[in-house]
Trainee: 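My structure is below; once you've seen it, I'll send some questions.
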Amino acid sequence: MTVHRRSNWYIYLLAFGITAVFVVMAIMAFKWYLFPENTDEVDLNKNGELTKDFKPTAEYDFNIITMLSEGETDNPELFVMASYNAVDSRLAFIPLPAGISIEKDERTLTNIYAAQGGEGIINALENIFGVRCDCYVKLDRRGFNDIVTSFGNIEYNIQSTLIVKDGSEVETFNAGSKMLTAESVYRLMMKADFGEGESYRFNIVGDLLASTINQNFRELDTSMLDTFFNELMSAAETNLTESLYRSKKAALLNTIEYGVDPGEFYVPYGEYSDDGAFKVAETSIISVRQRAGLQ
């Protein structure tokens, strides 16, 4: 008599399913090693950290036009080009007179922004200095304070006692070394009357910004850079993109690890006309281009 065995196909199917689940779990657990992901963070490892064989090149250089206003809808009152040189691990702040004259019709930065916004400022400064400006960032007072606070206070030596009037508020900055908050930095840059002309004020502006970087950049790591970037994107009017940030991040981390006081400043010189317009001297334009890595 023929004996028919009962099929156990469902047992095999169940065993196959359980095995497949374990295989998928193993792949998910070790996916970084089995299938490394592509990333826009050039020359960084899977943890977003600097690779040991990273070599900075001029491809990582960038120029950002930063602008500062009192309120969110106000026109900027301060224009600063931030020029980063990856090879030299140098970030140069270049304050620019709002009355700087652009092209033959002598438009100024203030009325260019009012008419064309940040993109207009980029085009104008590329025209006068002959350097590529990668993006612009406009911060109001609140956004500036939030960003600088995320870096930390700075110790700064004030040359002479200053009384700064800010609306109905009056703040006294005594001569000597003083720990400055973000709000104090803003008031010194935007509200103080140093009584020695715009060029002197720009030296203070540049020195304050460079000091903010030099005294705090050592504390940054990859996650803190990401946090800073996200805070900047939330606080600013900007055409800066995450792709641009990720493409430059490795060089920034290299500067943090190996750079020594990367922050510096340069104040362009030239001539003021009777109506307050400012013409940058040709030799000063060359100096700006040198800091942008073009000379």
Side-chain angles (χ1 to χ4, degrees), residues 63-70 75-85 90-103 106-113 121 124-131 133 136 138-139 141 144 148 154 156-166 171 173 175-176 178 180 184-214 261-292 294-295:
N63 297 302
I64 295 179
I65 305 303
T66 57
M67 300 174 281
L68 189 56
S69 65
E70 175 71 22
N75 286 335
E77 300 174 45
L78 179 64
F79 299 83
V80 180
M81 180 188 293
S83 183
Y84 176 67
N85 184 306
R90 184 181 71 236
L91 178 61
F93 293 100
I94 306 171
L96 302 169
I100 195 170
S101 297
I102 308 296
E103 299 177 341
E106 296 188 348
R107 294 173 298 154
T108 63
L109 295 184
T110 301
N111 56 37
I112 288 174
Y113 180 85
I121 296 295
L125 293 178
E126 286 182 337
N127 177 70
I128 195 170
F129 290 114
V131 301
C133 298
Y136 72 89
K138 176 182 176 288
L139 288 166
R141 184 173 188 162
F144 175 83
V148 175
I154 66 169
Y156 192 74
N157 185 41
I158 298 175
Q159 297 298 317
S160 59
T161 299
L162 294 169
I163 299 177
V164 178
K165 295 181 180 179
D166 182 12
E171 183 174 3
F173 292 87
K178 183 180 179 67
L180 300 178
S184 294
V185 172
Y186 177 90
R187 288 183 173 180
L188 280 174
M189 293 198 308
M190 303 291 284
K191 303 293 182 179
D193 181 5
F194 297 100
E196 299 188 43
E198 189 171 50
S199 179
Y200 182 83
R201 176 200 170 207
F202 282 162
N203 276 276
I204 301 300
V205 168
D207 197 23
L208 284 167
L209 293 174
S211 296
T212 300
I213 295 297
N214 291 337
D261 291 340
E264 63 178 35
F265 67 93
Y266 171 75
V267 178
Y269 56 88
E271 295 183 356
Y272 287 90
S273 64
D274 294 338
D275 61 0
F278 181 80
K279 287 284 188 181
V280 184
E282 290 297 326
T283 50
S284 189
I285 290 176
I286 293 173
S287 295
V288 171
R289 289 174 59 82
Q290 288 174 337
R291 283 158 179 79
L294 298 179
Q295 297 285 354

Trainee: Would you check if L78 and F202 make a side-chain contact, meaning some heavy-atom pair closer than 4.5 Å?
Mentor: yes
Trainee: Within a strict 4.5 Å, meaning less than it, do heavy atoms of the P97 and Y272 side chains meet?
Mentor: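 Counting from C-beta outward, P97 and Y272 do come under 4.5 Å.
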Trainee: Would you say the side chain of E264 lies within less than 4.5 Å of the side chain of R291, judging by non-hydrogen atoms?
Mentor: yes
Trainee: Can you see which heavy atom on N203 is nearest to which on S199, and at what distance?
Mentor: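 Closest approach of N203 to S199: ND2-O, 2.8 Å.
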Trainee: Hey, what do you get for CG (L188) to CD1 (I204), rounding to the nearest 0.5 Å?
Mentor: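 L188 atom CG to I204 atom CD1 measures 8.0 Å (nearest 0.5 Å).
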Trainee: Could you pull out the closest heavy-atom pair between N63 and Y84, with the gap in Å?
Mentor: OD1-N, 4.4 Å
Trainee: Dump the intermediate steps for side chain to side chain contact (heavy atoms under 4.5 Å, CB included) on S184 and R187, then the final yes or no.
Mentor: CA-CA 5 Å; S184 294; R187 288 183 173 180; 5.7 Å; no
Trainee: I'd like to know if E77 pairs up with K191 as an ion pair, taking the criterion as any Lys NZ or Arg NE/NH1/NH2 lying under 4.0 Å from an Asp or Glu carboxylate oxygen.
Mentor: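 K191 and E77: not salt-bridged.
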Trainee: Evaluate the side-chain proximity of I121 to Y136: yes if any heavy-atom separation is below 4.5 Å, no if none is.
Mentor: no
Trainee: Taking atom CG of L139 and atom OG1 of T66, what is their separation to the nearest 0.5 Å?
Mentor: 8.0 Å
Trainee: Measure the spacing between CZ of F194 and CD1 of I158 and express it to the nearest 0.5 Å.
Mentor: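 The distance works out to 8.0 Å.
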Trainee: At their closest point, which heavy atom of P268 faces which heavy atom of F278, and how far apart are they?
Mentor: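 So the minimum-distance heavy-atom pair works out to O-CZ, 4.1 Å.
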Trainee: What heavy-atom pair brings E126 and V131 nearest, and what distance separates the two atoms?
Mentor: CG-O, 3.0 Å
Trainee: If you round to the nearest 0.5 Å, how far is OG of S69 from CZ of F79?
Mentor: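 Here the rounded value is 9.5 Å.
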Trainee: Take F144 and M190 through the side chain to side chain contact (heavy atoms under 4.5 Å, CB included) test and state the conclusion after the steps.
Mentor: CA-CA 12 Å; F144 175 83; M190 303 291 284; over 6 Å; no
Trainee: Nearest 0.5 Å, what's the CG-CG distance between N214 and D261?
Mentor: 4.0 Å
Trainee: Walk me through whether F93 and I213 qualify under side chain to side chain contact (heavy atoms under 4.5 Å, CB included).
Mentor: CA-CA 10 Å; F93 293 100; I213 295 297; 3.8 Å; yes
Trainee: Hey, what do you get for OG1 (T212) to OH (Y156), rounding to the nearest 0.5 Å?
Mentor: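 Those atoms lie 9.5 Å apart.
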Trainee: Would you say the side chain of Y113 lies within less than 4.5 Å of the side chain of K138, judging by non-hydrogen atoms?
Mentor: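 Result yes, sub-4.5 Å side-chain heavy-atom pair found.
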Trainee: Is the shortest heavy-atom distance from the side chain of P76 to the side chain of T110 under 4.5 Å?
Mentor: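 No, every pair of side-chain atoms sits at 4.5 Å or beyond.
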Trainee: Working note: L125 + L109, criterion side chain to side chain contact (heavy atoms under 4.5 Å, CB included); need CA distance, chi angles, decisive distance, verdict.
Mentor: CA-CA 9 Å; L125 293 178; L109 295 184; 4.0 Å; yes
Trainee: Can you give me the closest heavy-atom contact between A210 and G263, atom names plus distance?
Mentor: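 For A210 versus G263, the nearest heavy atoms are CB-C, 3.6 Å.
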Trainee: Do the side chains of L96 and I94 get nearer than 4.5 Å, heavy atoms only?
Mentor: yes
Trainee: Identify the two heavy atoms, one from T161 and one from A175, that lie closest to each other, and give their separation to 0.1 Å.
Mentor: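 Distance-wise, the nearest heavy atoms are OG1-N, 3.3 Å.
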Trainee: Would a distance-only check, ignoring hydrogens and angles, find a side-chain to backbone donor-acceptor pair under 3.5 Å from R201 to D193?
Mentor: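 No: the side chain of R201 does not pair with the backbone of D193.
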Trainee: Side-chain contact, heavy-atom cut-off 4.5 Å: Y200 with V267?
Mentor: no
